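Notes follow once the structure below has been shown.
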Amino acid sequence: LLDSEPAPMLSFLFSMFSPRARGMEKTIDGSYPNANPVYNDDGKLLFYLDDMNNATDASVLRVAVLDEGNKTVIDDSGFGDMSISASGSHDNATIAFVRFTNRLETNEPGSTITLADQTRMMNGSEIFVGRKVNGSWSVEKITDNFHADLAPTVVTKDDKIYVAWRESAVNNQDYLSGNKSVDNLVYKYFDGASWSEKKIIHNGDNGSLKGHNIAIMDNGKAAVAFAVDISEDSSIDQDVYYAVLNKDEIVRYVRANSDSKYDENPQIASVTYENTPYFVIAWHTLNQSLNSDVNIVTIDENGDRITLIPENLSTTIGIDSVKIDSKFRFNKNAKTIEDLSILWKEIETLPDSIDTTNIVSGIRFTTENALKFSARQEIARMDADTVIDDFDAYVDTNGNVQLTILGTYYDKSKTEDHFLTDGATIENVKTLASRTSIYKTSGSFIEDFSILSVTPDYAVIAKNSNLPIMIAIKNEGTKT
């Protein structure tokens, strides 16, 4: 052996690696498959849809909450809940959700649901808001119409609340085609005593609504980011807009981009940078060559665009090597820009196998040397054969990312029978046996790196001399 010292150095380098993700724990073993678990801002409350131990009747679905492990059904009425959004602290939490107020004519398993049934159900959906007041839940309906009221998003600060939702109306003939007579983005404001009148943020006549999110600053101003389909003929074109809200007034309405790309899934967060509040808006974009990216816009409290952050990830982290899922999201509870992360689901093929595993990956905003992004890091990893269906996350006071994950385990050794009929024939379809549960775990962004190569300089090998070694290292941490 040559008298050289690469081994101690390599040992030192490898010893600096540390785990990012922590253990996975089941919060609810055997949940409703579309439980939609979401945290409030500080993560002390976990809301989800509970099937009330009746897996065959969707009309009994109810919003439930886990508070220090204790389950409470928020309000046991109506004919099925869905689409939960939550905000606020433990003692001042607010939720918004959809509740169906019309019951299907039949709820027998396997019975046919007609087009008229579907239309009646959708046009009987209303927005409900639950507020935690003095330790108890108060629930009220804030819509009452013959429209389909869908996809509520809620934010709260102190006793002030904004709820934005999609207002849609269809008739029997247009239901399946997707053509709508009404397709608006609307909101209401609660001042601590009463609700404002409904205000229209976006009129569907100017493009179909394709997703929205809302955030609020400490001063009570809110902003909504939303995607609009402006496609014509056979083209595919969606752009992102935002509106700034001050109580019951829409103070700004802005088109954030205008291009021929497919822009979707707008996310928005309120954070501070150098003690100044900003809204950060991010969305997934896909061009005609199917190359994806994440675009980012920063605005101040008045809606003016501020150049703080690189406006797309591809210019800073190399998007070709990091594939961010189109359904990414921000973590909750970010006070400053350094608390904010982009999180998404990835599917990883296991080494020497065709099996895959699901992981949650993330990129954190960082102010080291300049305002930019960390390297991509793994935050959580599921066991093999368990698929991530949905997740929500918040950052705790120590900077750790806390996650709730809706996951489904597929048992490759068992199958389940599903009998499908068109009224004349019955066909048995077999699928893998599965079980959906709600999990919780945590992870963190750490200072890390990987060794890409170790190359000795063989050209200068000499007896009784040190051997130079070149080590290529890739920074995978938050600092540069």
Side-chain angles (χ1 to χ4, degrees), residues 20-21 39 41-43 155 213-218 223 225 240 242 256 265-285 292-301 304-319 321-346 360-380 391-403 442-449 474-480:
R20 300 181 178 99
Y39 284 124
D41 289 342
D42 60 19
V155 287
N213 269 290
I214 190 169
I216 189 170
M217 289 181 169
D218 286 344
V240 170
Y242 64 84
N265 186 34
Q267 300 291 302
I268 185 168
S270 169
V271 296
T272 62
Y273 175 60
E274 295 182 342
N275 298 318
T276 301
Y278 298 100
F279 291 111
V280 178
I281 304 170
W283 66 91
H284 185 268
T285 184
S292 65
D293 203 347
V294 173
N295 289 353
I296 299 173
V297 166
T298 309
I299 61 174
D300 65 14
E301 63 179 306
D304 293 326
R305 202 156 170 164
I306 308 297
T307 303
L308 284 180
I309 305 170
E311 294 201 349
N312 53 65
L313 291 183
S314 62
T315 60
T316 56
I317 65 171
I319 203 72
S321 61
V322 179
K323 301 298 183 183
I324 297 181
D325 184 72
S326 61
K327 296 180 181 179
F328 76 89
R329 64 190 56 197
F330 287 143
N331 62 270
K332 295 178 177 178
N333 207 38
K335 307 301 183 186
T336 67
I337 190 71
E338 296 96 329
D339 294 330
L340 189 62
S341 305
I342 295 173
L343 303 168
W344 68 94
K345 165 188 166 180
E346 283 190 44
V360 176
S361 297
I363 293 171
R364 174 162 284 182
F365 292 79
T366 175
T367 57
E368 182 73 16
N369 298 326
L371 187 51
K372 47 191 174 184
F373 311 100
S374 73
R376 171 260 180 207
Q377 295 195 12
E378 178 183 313
I379 305 301
F391 73 90
D392 196 23
Y394 71 97
V395 61
D396 65 21
T397 55
N398 296 317
N400 297 316
V401 178
Q402 304 288 339
L403 295 115
S442 65
S444 60
F445 289 87
I446 64 172
E447 302 314 318
D448 207 348
F449 57 85
K474 178 183 178 182
N475 183 5
E476 295 186 342
T478 64
K479 297 180 181 180
T480 57

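Owing to the predicted nature of the structure, the values given are computational and were not obtained by experimental measurement.
Atom CD of E338 sits about 11.0 Å away from atom CZ of F365, to the nearest 0.5 Å. The OH atom of Y278 sits 12.0 Å away from atom OG of S270, with the distance rounded to the nearest 0.5 Å. Between the CG atom in L313 and the CG atom in D293 there is a gap of 6.0 Å [rounded to 0.5 Å]. Once rounded to the nearest 0.5 Å, the distance linking CG of L308 with OG1 of T367 reads 12.0 Å. Here the straight-line distance linking atom CD of Q267 with atom CG of N331 works out to 11.0 Å at 0.5 Å rounding. To the nearest 0.5 Å, atoms CG (N265) and CH2 (W283) are separated by 12.0 Å.
The cationic group of R305 does not satisfy the cation-pi geometry with Y242, failing either the under 6.0 Å distance to the six-membered ring centre or the 45° limit from the ring axis.
Of all non-hydrogen atoms in L403 and A380, the two that sit nearest each other are CD1-CB, 4.1 Å. Considering all non-hydrogen atoms of both residues, A215 and V155 come closest at CA-CG1, 3.8 Å. Taking each heavy atom of I379 and S444 in turn, the nearest pair found is CD1-O, 4.1 Å. Contact between V401 and A393 at its shortest, heavy atoms only, is CG1-CB, 4.0 Å. Heavy-atom minimum distance, P266 versus V240: CB-CG1, 4.3 Å.
Between the side chain of S374 and the backbone N or O of R364 there is at least one donor-acceptor pair closer than 3.5 Å. Side-chain N or O atoms of T272 include one that pairs as donor or acceptor with a backbone N or O of K335 at under 3.5 Å. At distances below 3.5 Å, not a single donor-acceptor pair connects side-chain atoms of D325 with backbone N or O atoms of K345. A donor-acceptor contact shorter than 3.5 Å is absent between the side chain of D396 and the backbone of D42.
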Start with the C-alpha gap between E311 and N295, add the side-chain angles, then the distance that decides, and say whether side chain to side chain contact (heavy atoms under 4.5 Å, CB included) holds.
CA-CA 6 Å; E311 294 201 349; N295 289 353; over 6 Å; no
Step by step, would you call I306 with I299 a side chain to side chain contact (heavy atoms under 4.5 Å, CB included)?
CA-CA 5 Å; I306 308 297; I299 61 174; 5.8 Å; no
Could you walk me through whether I296 and V280 pass the side chain to side chain contact (heavy atoms under 4.5 Å, CB included) test, one step at a time?
CA-CA 7 Å; I296 299 173; V280 178; 3.9 Å; yes
Stepwise side chain to side chain contact (heavy atoms under 4.5 Å, CB included) test for V297 and F279
CA-CA 8 Å; V297 166; F279 291 111; over 6 Å; no
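In this structure, the side chains of Y273 and L371 come closer than 4.5 Å at one or more pairs of heavy atoms. Inter-residue side-chain proximity for F330 and L340 is flagged as met; some heavy-atom pair is nearer than 4.5 Å.
Using cut-offs of 30° and 60° on the angle between ring planes, the pair Y39 and Y394 is perpendicular.
Scored by the salt bridge (charged side-chain N to carboxylate O under 4.0 Å, His left out) test, K332 finds D392 as partners (sequence neighbours excluded). Residues passing the side chain to side chain donor-acceptor pair (under 3.5 Å) test with E346 are W344, S361, R376, sequence neighbours excluded.
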